[in-house]
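Working notes for the structure below.
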Amino acid sequence: MKNPIMLFACSIGISLLLGGCFGVETETKSESKKTDTKQEEKNYPTEEYESVLTYTGEGYFLPNGKETDKIAQSHQKEVIKATKNYLLKKYNLEVEVHNMVGNQDGVTVFYETKGTLHFYGTVIVPINLQKKAVMAEDAFSPEGQVEDGIRGALYAYIMEDQFKGLDEELSTILETEEIVGRRVEAIENVGGSGYNPPLYNVVVAENEAMNPVYDLYIRNPKVSKKELKSAYKEEKFNPEDVHITIQVFMKEKDTEPDEKIFSELVDIVEGNHPIPNGTYNVALHDNSIQKSTFEGLKMNSLDKPLIIHSSGQ
């Protein structure tokens with residue numbers, strides 16, 4: 001961000017604080033009947049939502065973070081240094097810090113990696129409320145989040161051609177239909193988790209196919225792409241270990257999710273297209289996003305979960 005680090009007071013479920021998957025919507029639901037497009041007849045409180053075209057993270061919050069927010073604001077440099085030191089020492093990762101959000105026991109820091117592997121994540125830096133002090137040495141990340149982020153970024157790195165195929169398929173629809181993805185600023189500030197372009201998110205769990213790639217990279221971050229690809233065990237690949245969530249929004253305000261566009265998106269996964277193997281969730285939302293949670297899923301969203309795409313790579 002060009003502006004100073006933003007701090008937003010905090011208050012969604014503690015699972016988001018500890019789980020870190022702010023950019024992944026794990027809920028599943030059947031397609032809902034369309035509702036009237038008039039603003040006053042929306043089935044959600046419109047004052048809590050903002051257009052995805054303008055939302056950059058303002059209004060996002062976590063539980064009971066007002067006091068820690070203030071302390072973090074006055075100790076910005078310490079919090080940033082603690083985050084960078086933690087990730088560099090434990091994972092050999094260099095990062096850029098985009099935002100901080102106070103939480104009940106400290107501050108949640110949103111970062112983006114720099115270098116060969118690109119992904120987003122969070123680090124939690126505890127704060128002693130009585131002493132009003134940052135506990136830099138106790139910084140930590142949600143369990144498994146960094147490891148999953150590295151695996152997801154590695155998967156995108158060694159499957160570059162397949163991800164280019166996915167990008168091209170989605171770009172073709174964006175050129176002909178009135179849909180958009182989340183703003184990069186929103187992903188940076190409050191929503192990024194794993195490999196996370198504006199239109200989709202990739203999370204790769206520990207698995208037999210990717211473990212050799214992960215281990216090789218951890219031992220030598222300067223290892224070549226050729227060596228990483230050679231370490232990949234394709235015969236052990238299970239699509240259930242790779243979760244790719246495609247999420248797009250209607251471009252125009254007060255427009256319901258379009259069934260035709262949704263079908264086109266689903267066809268990318270279900271059809272014979274050169275895209276990455278994995279388990280996909282496809283969602284099309286109206287134009288609004290919940291400010292406090294970075295959530296696009298609503299009663300009128302069209303959502304198809306657990307679509308398996310598996311072909312020779």
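Atoms considered below: every heavy atom in the structure, side chains included; atoms not considered: hydrogens, waters and symmetry mates.
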key: Side-chain (Thr68) to main-chain (Asn103) donor-acceptor, under 3.5 angstrom   = yes

request  = Treat each ILVMFWY residue as a node, draw an edge where side-chain heavy atoms are under 4.5 Å apart, and state whether Leu88 and Ile124 are in one component.
outcome  = no

query = What distance separates Asp138 CG from Met135 CE, expressed to the nearest 0.5 Å?
reply = 4.5 Å

message = Which residue in the set Ile179, Val266, Ile246, Asn300 passes side-chain contact (heavy atoms from CB on, under 4.5 Å) when paired with Leu284?
response = Ile179

Check: Tyr232 and Met210 side chains under 4.5 Å, non-hydrogen atoms = yes

message = Quick one: does any side-chain atom of Asp148 pair with a main-chain N or O of Val203 as donor and acceptor, under 3.5 Å?
response = no

query = Can you name the nearest heavy-atom pair linking Asp303 to Ala283, along with the distance?
reply = OD1-CB, 3.7 Å

ask   = Is it the case that more than 12 heavy atoms not belonging to Glu235 sit under 6.0 Å from its CD atom?
value = yes

task = Decide yes or no on side chain to side chain donor-acceptor pair (under 3.5 Å) for Tyr157 and Thr116, but give the supporting numbers first.
result = CA-CA 8 Å; Tyr157 185 55; Thr116 302; 5.2 Å; no

inquiry  = Can a side-chain donor-acceptor contact be found between Asn207 and Tyr214 if the only test is distance below 3.5 angstrom?
reply    = no

query = For the side chain of Arg183 and the backbone of Leu53, is there at least one donor-acceptor N/O pair under 3.5 Å apart?
reply = yes

Euclidean distance, Asn189 CG relative to Asn99 CG, rounded to 0.5 Å = 5.0 Å

request  = Give, for atom CG of Asp215 and atom CG of Asn220, the distance between the pair rounded to the nearest 0.5 Å.
outcome  = 13.0 Å

inquiry  = Rounded to the nearest 0.5 Å, what separates atom CD in Glu112 from atom CD in Glu188?
reply    = 5.0 Å

query = Rounded to the nearest 0.5 Å, how far does CG of Leu87 lie from OG1 of Thr113?
reply = 9.5 Å

query = Just by modelled atom types, is the Phe294 backbone N or O under 3.5 Å from a matching donor or acceptor in the Arg182 side chain?
reply = yes

Atom of Ala231, atom of Pro212 and distance for their closest heavy-atom approach = O-CB, 3.3 Å

cation_pi(Lys291, Tyr55) dist<6.0 Å, angle<=45 = no

remark   = Separation between CD1 (Ile307) and CG (Asp267), nearest 0.5 Å, reads 10.0 Å

inquiry  = Quick one, Asp167 with Tyr200, criterion side chain to side chain donor-acceptor pair (under 3.5 Å). Give me CA distance, side-chain angles, the key distance, then yes/no.
reply    = CA-CA 9 Å; Asp167 293 337; Tyr200 60 91; 2.8 Å; yes

query = Shared ILVMFWY cluster between Val134 and Leu129, side chains joined below 4.5 angstrom?
reply = yes

query = Using 4.0 Å as the upper bound for N to carboxylate O, is an ion pair formed by Glu147 and Arg151?
reply = no

request  = Using a strict 4.0 Å threshold on nitrogen-to-oxygen distance, state whether Glu160 and Lys164 make a salt bridge.
outcome  = yes

ask   = Of the non-hydrogen atoms in Lys298 and Ser288, which two are nearest, and what is the gap between them?
value = NZ-O, 2.8 Å

ask   = When you check the side-chain N and O atoms of Thr122 and Gln145, is any donor under 3.5 Å from an acceptor?
value = yes

message = Quick one: does any side-chain atom of Asp286 pair with a main-chain N or O of Pro257 as donor and acceptor, under 3.5 Å?
response = no

ask   = Closest heavy-atom contact between Phe249 and Gly296?
value = CE2-CA, 3.9 Å

inquiry  = Testing the 3.5 Å rule here: is there a donor-acceptor pair between the side chains of Glu270 and Tyr280?
reply    = no

query = Are side-chain N/O atoms of Asn281 and Thr245 paired as donor and acceptor at under 3.5 Å?
reply = no

key: Test item: Gln290 side-chain N/O and Ser292 main-chain N/O as donor-acceptor pair under 3.5 Å   = no

query = Can you check whether Leu174 reaches Leu199 side chain to side chain, under 4.5 Å on heavy atoms?
reply = yes

ask   = Parallel, tilted or perpendicular for His118 and Tyr195, by the 30°/60° rule?
value = perpendicular

task = Compare every heavy atom of Gln130 with every heavy atom of Asn128, then report the nearest pair and how far apart it is.
result = OD1-N, 3.0 Å

Donor + acceptor pair across side chains of Thr279, His243 (<3.5 Å) = no

ask   = Between His75 and Lys132, what is the shortest heavy-atom contact and its length?
value = CE1-O, 3.6 Å

Shared hydrophobic cluster, Ile158 / Ile218 (ILVMFWY, side-chain heavy atoms < 4.5 Å) = yes

